[in-house]
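Whatever order the structure lists them in is the order used to number ligands and atoms, beginning at 1.
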Amino acid sequence: MTLNFSYAGSPAQIVFGSGSLKTLSEWIEKAGCRRALILSTPHQKADAEALARDIGSLACGVFAGATMHTPVEVTESAMRVVSETNADCVVSLGGGSTTGLGKAIAYRTDLHQIVVPTTYAGSEVTPILGQTEGGRKTTVRDAKILPEIVVYDPSLTLGLPVAMSVTSGLNAMAHAVEALYARDRNPISSLMALEGLRAFQRSLPAIVRDPRNADARSDALYGAWLCGSVLGTVGMALHHKICHTLGGSFDTPHAETHAVMLPHTAAFNAGAAASELAEAASIFRGSIGGGLWDFAKAIGAPLSLREFGLTQADLDRAASIAVDNPYWNPRPIDLASIRRLLQDAWEGQRPQN
Ligand code: NAD
């Protein structure tokens, strides 16, 4: 086999383990910081306040206004709190929405970020920020956006509702599937992607059976780290482009959209990336698309775009947006085949490939 690749390891500090949140103060101090602004969504405000109490004088305040798609107006409100409190770092406690706000602040200020993830979205280990302004979502990639420290404490995910655990896990798995056929993949990204898929293949059914299974929660969060890491290091293709189009133009729910689309986009690329996807297909005991669809169905994931209220006219428009700007994908894309792919996903058909 001829190898030819370039590889850069992530500079982020990863701390993983049940109870590791107790070491947060230590990590704030090691980063040379003394005034942490804790960020969360309104839903997790009480947890953010409890965390602020736990770290005592190292906390300078709580901003609990994080919301989906990182609207610039919310970031501007948070920036006012950053300057009023004279914060020297942010601690983002939550899922991708809260991490997004921390990233948006760091992008503008270069403040240190410490992330404590409570979903499996994987944003905490990527240098990518998606933000919305005037209804338009734009994506930026910058070294300042990559969080410096990530504290993964699986005990914080014990209460993540089962439906969210399932869709968030499939969202993470989509990063891994696309990483396997990425043009700029390397041996480490492929190892991490496969290990991430195995972790979710083991843990999600166990979480569905018993949401408070601590070992399964730990395995799933380990999978989230792996899958998020490959999202941060190699390029994504058709799957992420379509989900971005559906979320951005039709406001479909983020993780659920990934969950529905993954078996279909994987099946679409199955022939063109057969050798790259072979090991992943064997993890899901079937063809890559069919095997992922069976897995998603068994764990109760949403299976059709129709469930999000999309119409046939929306599919026409989504297909043309998704083929509008050319981008690399293992199988070349054209309007008719993308429209067919969206139709299958809308109907919730099991893919054959
Ligand atoms: P989210 O952060 O929007 O969380 C959804 C809801 O669940 C929120 O109300 C949150 O407070 C709540 N929640 C989170 N953890 C919980 C827990 N353990 N128990 C109970 N409730 C909990 O959802 P998400 O799917 O993690 O993030 C989606 C966002 O992240 C999208 O905007 C997406 O674009 C972004 N994202 C960005 C990247 C990137 O690399 N830039 C990667 C993945 C996702």
Side-chain angles (χ1 to χ4, degrees), residues 10 12 21 38-51 62-72 74-75 92-104 106-107 113 115-132 137-142 144-147 150 152-176 178-179 196 207 211-212 217 220-221 224-225 227-236 239-241 243-248 251-259 301:
S10 167
L21 187 60
I38 318 285
L39 308 174
S40 76
T41 62
H43 181 74
Q44 289 174 291
K45 186 175 181 197
D47 296 334
E49 288 171 346
L51 183 58
V62 170
F63 179 87
T67 184
M68 200 77 153
H69 307 312
T70 326
V72 168
V74 173
T75 303
S92 308
L93 172 70
S97 297
T98 303
T99 303
L101 176 61
K103 287 174 160 184
Y107 183 51
Q113 292 176 77
V115 184
V116 183
T118 61
T119 71
Y120 307 134
S123 176
E124 64 280 357
V125 278
T126 81
I128 308 161
L129 164 66
Q131 46 185 359
T132 45
K137 185 161 182 171
T138 51
T139 303
V140 267
R141 187 182 260 273
D142 191 289
K144 277 190 291 198
I145 293 170
L146 181 75
V150 185
Y152 287 104
D153 185 338
S155 68
L156 303 178
T157 61
L158 291 173
L160 183 66
V162 168
M164 271 183 66
S165 304
V166 163
T167 52
S168 190
L170 286 160
N171 179 187
M173 287 164 57
H175 311 328
E178 291 231 291
I207 288 170
R212 299 195 73 82
R217 287 296 187 180
L221 201 58
W225 167 57
C227 293
S229 296
V230 294
L231 170 68
T233 51
V234 302
M236 297 287 114
H239 174 84
H240 282 74
K241 171 78 177 181
C243 292
H244 190 91
T245 300
L246 292 171
D251 208 25
T252 60
H254 177 81
E256 290 86 340
T257 304
H258 277 271

Ligand 1 to [X] polar contact by distance, N or O atoms, under 3.5 Å:
X    : result
Q44  : yes
I128 : yes
G96  : yes
T41  : yes

Which one holds for L231 and ligand 1: side chain close, backbone close, both close, or neither close, with close meaning a heavy atom under 4.0 Å?
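The answer is the side chain of L231.
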Honestly, for T126 the part within reach of ligand 1 (heavy atoms, under 4.0 Å) is side chain
Which residue supplies the protein heavy atom nearest to [atom], what is that atom called, and how far is it?
atom                    : value
atom 26 (O) of ligand 1 : T119 OG1, 2.6 Å
atom 43 (C) of ligand 1 : A121 O, 3.4 Å
atom 39 (C) of ligand 1 : S123 OG, 3.4 Å
atom 15 (N) of ligand 1 : T118 OG1, 2.7 Å
atom 32 (O) of ligand 1 : H69 N, 3.4 Å
atom 1 (P) of ligand 1  : S97 OG, 3.4 Å
atom 19 (N) of ligand 1 : L160 CA, 3.7 Å
atom 44 (C) of ligand 1 : H254 NE2, 3.6 Å

Closer than 4.0 Å to some heavy atom of [X] - which atoms of ligand 1 meet that?
X    : answer
M68  : 3 (O)
G95  : 2 (O), 26 (O)
K103 : 39 (C), 40 (O), 41 (N)
L156 : 18 (N)

With respect to atom 6 (C) of ligand 1, which of H43, M164, E124 exhibits the smallest heavy-atom separation?
M164
Is there a side-chain contact between [X] and [Y], using heavy atoms and a 4.5 Å cut-off?
X    : Y    : answer
L158 : R212 : yes
H69  : D251 : yes
L160 : Y120 : yes
F63  : T98  : no
H175 : H240 : yes

Quick one: does [X]'s side chain have a donor or acceptor within less than 3.5 Å of a partner on [Y]'s backbone?
X    : Y    : result
K103 : S123 : yes
T70  : G130 : yes
T157 : D153 : no

Check: H258 ring centroid to H239 ring centroid under 6.0 Å:
yes
Polar side chain donor-acceptor pair, [X] to [Y], under 3.5 angstrom:
X    : Y    : value
Y107 : Q131 : no
S92  : Q113 : no
R141 : T126 : no

Heavy atom of K137, distance to ligand 1 below 4.0 Å:
yes
